[in-house]
Amino acid sequence: MPSELSEGMHLVNTFEEHFDDLDGYNEEHAGIKLLASSISNSVVSLASFKGSVRLFTCTGIIFGYMPSEMNILTSASLVRCLGDEAKFVDKLKIKVRLPNDKLVVGKLWKYDYKYNIAVVKTKSFPEFHAAHVHNGVKFNSELFQANLVAIGRCYESGELMASSGRVLYKTSRLDCQELMISTCKITKAGIGGPLIDSSGNFIGMNFYAKDETPFLPVSILLKCLKHFEIFGRVVQPWLGLRVGSLRAEKLSICEEIRKSFPQAHGIYVEMVSEGSPAACSGIKVGDLISTLDGIALSNAQQFHELIFDKAECALKRSEGIVFKVNVLRPSDCSGFIATINGEEVAMIKQNRSSGCIQAKMTIQILLCGKIL
């Protein structure tokens with residue numbers, strides 16, 4: 001896209017804007033550069049075209065390698081229709097800029113707009129290899145203390161970029177609850193790029209927001225990829241509630257809960273949709289969910305992972321998606337067991353505005369949203 005438009009107007013923060021906070025020559029920056037370069041043969045950039053018009057550019061990572069083709073994980077924004085972003089562009093052409101600066105044609109295989117992920121296939125080359133995306137990473141207190149690196153690649157120049165930071169105990173302001181937040185500073189060129197730790201382990205896929213960098217953690221990404229293989233789509237039940245990790249809530253909320261339940265653990269209920277499965281089970285805003293199907297909960301990420309697993313098992317067995325949760329109510333110091341009948345989301349209308357993420361059902365609020 002041109003940097004200068006008609007009447008002297010200029011585009012701000014285009015998809016070619018570089019990011020890199022490694023301007024020093026200290027040991028930390030040298031280590032980050034070494035880490036970024038070690039995974040560079042798996043990091044590509046992609047662009048989508050309608051005819052000769054370029055629609056979107058972003059970063060991707062090679063996660064599957066076979067003799068004849070490579071699988072690239074990236075953002076589904078690459079294939080969105082500008083008029084109706086719940087659909088992908090018909091007769092879309094995808095080009096992939098490889099780490100050696102060579103351009104090849106890519107083909108869309110699978111995509112999911114709720115999580116804004118897509119898999120693109122292209123011809124394989126022996127000099128490139130798949131990143132270790134399938135390495136399991138637990139989101140515990142050690143990870144929140146670790147140094148992380150966000151990596152991207154510009155499409156026009158093919159230049160590799162890197163930015164360092166850490167994970168925050170913070171809930172994303174965007175609609176997808178599964179998103180986590182890092183302090184790595186990126187631009188839109190880094191959308192779809194990998195977030196890795198100091199050992200080179202894949203932590204998640206980066207997205208863009210003005211004041212923070214949300215990312216979809218690897219635990220959710222791997223479950224989405226598994227669903228692609230098994231069901232051809234991502235299966236995620238709608239419960240009609242929004243939850244958050246207790247550590248990310250306001251001090252006043254933590255104080256209220258500790259007064260009623262000094263040793264309590266679990267996840268905090270931030271929102272319940274009227275008439276939803278969660279509402280019908282008796283759950284209210286302000287409740288604390290301590291267990292799901294007998295498993296003690298420590299954070300919201302764990303909650304979402306368990307829901308994914310339950311949905312997969314239920315669909316394989318052609319059963320209903322039913323959850324039993326232990327609920328603590330600080331307002332009256334009571335507790336009870338609630339049964340939630342999850343509903344598989346059949347149709348989603350998704351809207352993106354000002355670089356942010358919004359996702360709605362055609363009727364009610366969704367458990368999760370889509371991401372840019």
Taking side chain as C-beta onward, heavy atoms only, is [X] less than 4.5 Å from [Y]?
X	Y	answer
Val327	Leu288	no
Leu306	Ile295	yes
Phe202	Ile61	yes
Leu92	Leu55	yes
Leu292	Gln302	no
Val167	Ile181	no
Ser245	Gln301	no
Val243	Gln177	yes

- Query: Relative to each other, are the rings of Phe125 and Phe128 parallel, tilted or perpendicular (30° and 60° limits)?
  - Reply: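 Rings of Phe125 and Phe128: perpendicular, as their planes differ by over 60°.
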- Looking only at atom types and distance, does a side-chain atom of Arg97 sit under 3.5 Å from a main-chain N or O of Tyr155, one as donor and one as acceptor?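 Pair found, side chain donor or acceptor close to backbone of Tyr155.
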- Message: Checking the side chain of Ser75 only, and the main-chain atoms of Leu78 only, is there a donor and an acceptor separated by less than 3.5 Å?
- Response: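 Between the backbone of Leu78 and the side chain of Ser75 there is no qualifying donor-acceptor contact (under 3.5 Å).
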- Could you pull out all residues at least two apart from Asp332 that satisfy salt bridge (charged side-chain N to carboxylate O under 4.0 Å, His left out)?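 Once residues adjacent in sequence are excluded, Asp332 has no partner under the salt bridge (charged side-chain N to carboxylate O under 4.0 Å, His left out) criterion.
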- Item | Qualifying residues under salt bridge (charged side-chain N to carboxylate O under 4.0 Å, His left out), relative to Lys95, sequence neighbours excluded |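 If we apply the salt bridge (charged side-chain N to carboxylate O under 4.0 Å, His left out) test to Lys95, skipping adjacent residues, there are no hits.
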Please round to the nearest 0.5 Å and tell me the distance separating atom [atom1] of [X] and atom [atom2] of [Y].
X	Y	atom1	atom2	value
Ser331	Asp287	OG	CG	7.0 Å
Asp197	Leu35	CG	CG	8.0 Å
Ser45	Glu159	OG	CD	11.5 Å
Met205	Thr59	CE	OG1	10.0 Å
Ile307	Trp238	CD1	CH2	13.0 Å
Arg329	Ile283	CZ	CD1	8.5 Å

- Task: Determine, for Phe49 and Arg54, whether the Lys NZ or Arg CZ falls below 6.0 Å from the six-membered ring centre while staying within 45 degrees of the axis.
- Result: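 Pair Arg54/Phe49 does not count as cation-pi.
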Give me the atom names and distance for the closest heavy-atom approach of [X] to [Y].
X	Y	answer
Gly190	Phe19	CA-CE2, 3.8 Å
Phe261	Ser334	CZ-O, 3.5 Å
Ile191	Phe56	CD1-CZ, 4.2 Å
Leu216	Phe207	CB-CE1, 3.8 Å
Ser157	Asp101	O-OD1, 4.0 Å
Cys280	Gly275	SG-O, 4.1 Å

- Residue pairs fulfilling side-chain hydrogen bond (donor to acceptor under 3.5 Å, both in side chains) with at least one residue in residues 252-266, sequence neighbours excluded: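 Matches after skipping sequence neighbours: none remain.
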- Only pairs at least two apart or in different chains count here, so list each side-chain hydrogen bond (donor to acceptor under 3.5 Å, both in side chains) that has a residue in residues 62-73.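 Output for this query lists Glu69-Lys121, Asn71-Lys121.
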- Connected via hydrophobic side-chain network under 4.5 Å: Phe303 and Leu328: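 The answer is no; the residues belong to distinct hydrophobic clusters.
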- Asp112/Arg233 ion pair, N-O < 4.0 Å: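 Result for this pair is no, no salt bridge flagged.
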With no hydrogens and no angle check, do the side chains of [X] and [Y] hold a donor and an acceptor under 3.5 Å apart?
X	Y	answer
Gln236	Glu178	yes
Asn299	Arg247	no
Ser198	Asn147	no

- Kindly write out the residues that satisfy side chain to side chain donor-acceptor pair (under 3.5 Å) with Lys324, not counting sequence neighbours, or none if the list is empty.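 Lys324 satisfies side chain to side chain donor-acceptor pair (under 3.5 Å) with Thr339 only.
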- Counterpart residues, side chain to side chain donor-acceptor pair (under 3.5 Å), relative to Lys316 (two or more places apart):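 For Lys316 the side chain to side chain donor-acceptor pair (under 3.5 Å) partners, ignoring immediate neighbours, are Glu312.
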- Task: Answer with yes or no after comparing the ring centroid distance for Phe231 and Phe308 against a 6.0 Å cut-off, counting only values under it.
- Result: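 Between Phe231 and Phe308, the centre distance exceeds or equals 6.0 Å.
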